[in-house]
Undergrad: 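Okay, handing you the structure first.
Quick note: residue numbers are just sequence positions, from 1. Nothing here was measured: the structure is a model prediction, and the numbers come from that model. In each ligand, atom 1 is the first atom listed, and ligand 1 is the first ligand listed.
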Amino acid sequence: MKQHANVPLNDFVEYPQEEMLSRATEFLDEAKRRHTIRSFSDRPVPKEIIEACIKTAGSAPSGANHQPWHFVAIHSQDVKQQIRAAAEQQEQAFYEGRAGEEWLDALKPLGTDADKPYLEHAPWLIAIFSQKKGGIHSEDKHTNYYVHESVGIATGFLIQALHHAGLATLTHTPKPMSFLMEICQRDKENERPYMLLIAGYPAEDATVPEHALVKKPLEEIATFL
Ligand code: IYR
């Protein structure tokens, strides 16, 4: 077999140009309704929805298509409690000084603190791990490339898939996150915790910090040459 066997691209869909623009702006409108929230309802969310969203994340491009990620979707109340206890312990040290003054000042408009009840109340926590070694087959032990970029893209896909499905999320990065390795029973040699995503319905009184609604205008984020 050729090392670079190809198949025809037969699932590309071409839209008329007016439709492309309306699709792009409709997607933008939907994306603008995505907000990071910190107050979740405990309403259950079926596992199948989470599975489909993780499959979307798994469709992301990655260095050499090695797919250097693993998603641990946590529904178990016992595991959620362990994560909350460990995360709050780290966050207490963070907010009590480890963060430093500049970081704490940057967080003031968000109103965050060490209390993380949503880690126990939200129906799903998704711990995302990056892998240093792997390959196209899970058992491979090749070097992975562009690991951070790849896992970042997959995480973006996951956030957008969850939002599209009708769920709210929070990207949470307790620092350090190494406790996730033990709690999720991951391979310490090869993996690093990348992010913890909280997913569920928003609580009825959920709010969004005004600070988070300020998005830079196109002129500031893009240059057309
Ligand atoms: N991990 C902490 C602090 C925190 C840091 C950043 I940068 C944020 O954008 C938000 C929070 C916490 O979750 O409270």
Undergrad: What about W69 and Y194, are their ring centers closer than 6.0 Å?
TA: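 Distance test on ring centres: not under 6.0 Å, no.
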Undergrad: Any atoms of ligand 1 less than 4.0 Å from a non-hydrogen atom of F94? List them with their elements.
TA: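 Counting from 1, the qualifying ligand atoms are 3 (C).
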Undergrad: If you count the atoms of ligand 1 from 1 in the order shown, which ones are under 4.0 Å from a heavy atom of K116?
TA: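 Close to K116: 12 (C), 13 (O), 14 (O).
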Undergrad: Can you name the atoms of ligand 1, numbered from 1 with element, that are less than 4.0 Å from a heavy atom of Y95?
TA: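 With Y95 as reference, the close atoms of ligand 1 come out as 2 (C), 3 (C), 12 (C), 14 (O).
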Undergrad: Can you confirm whether L162 sits close enough to T56 that some side-chain heavy atom of one is under 4.5 Å from a side-chain heavy atom of the other?
TA: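 Heavy-atom side-chain distance check fails, nothing below 4.5 Å.
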Undergrad: List, one per line, each side-chain donor-acceptor pair under 3.5 Å for residues 170-181, sequence neighbours excluded.
TA:
none

Undergrad: Return yes or no for this condition: an N or O of W103 is under 3.5 Å from an N or O of ligand 1.
TA: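 No, no N or O pair falls under 3.5 Å.
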Undergrad: Considering only non-hydrogen protein atoms, determine which one is nearest to atom 10 (C) of ligand 1 and report residue, atom name and distance to 0.1 Å.
TA: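 Here the closest protein heavy atom is L107 CD2, 3.6 Å.
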Undergrad: Has Q185 got more than 12 heavy atoms of other residues, nucleotides or ligands less than 6.0 Å from its CD?
TA: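 No.
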Undergrad: Under the side chain to side chain contact (heavy atoms under 4.5 Å, CB included) test, which residues partner R34, sequence neighbours left out?
TA: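 Partners of R34 by the side chain to side chain contact (heavy atoms under 4.5 Å, CB included) criterion, ordered by chain and then number, come out as T36, I159, Q160, H163.
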Undergrad: If the cut-off is 4.0 Å to any non-hydrogen atom of E91, which atoms of ligand 1 fall inside it?
TA: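 Here the atoms of ligand 1 in question are 1 (N), 2 (C), 12 (C), 13 (O), 14 (O).
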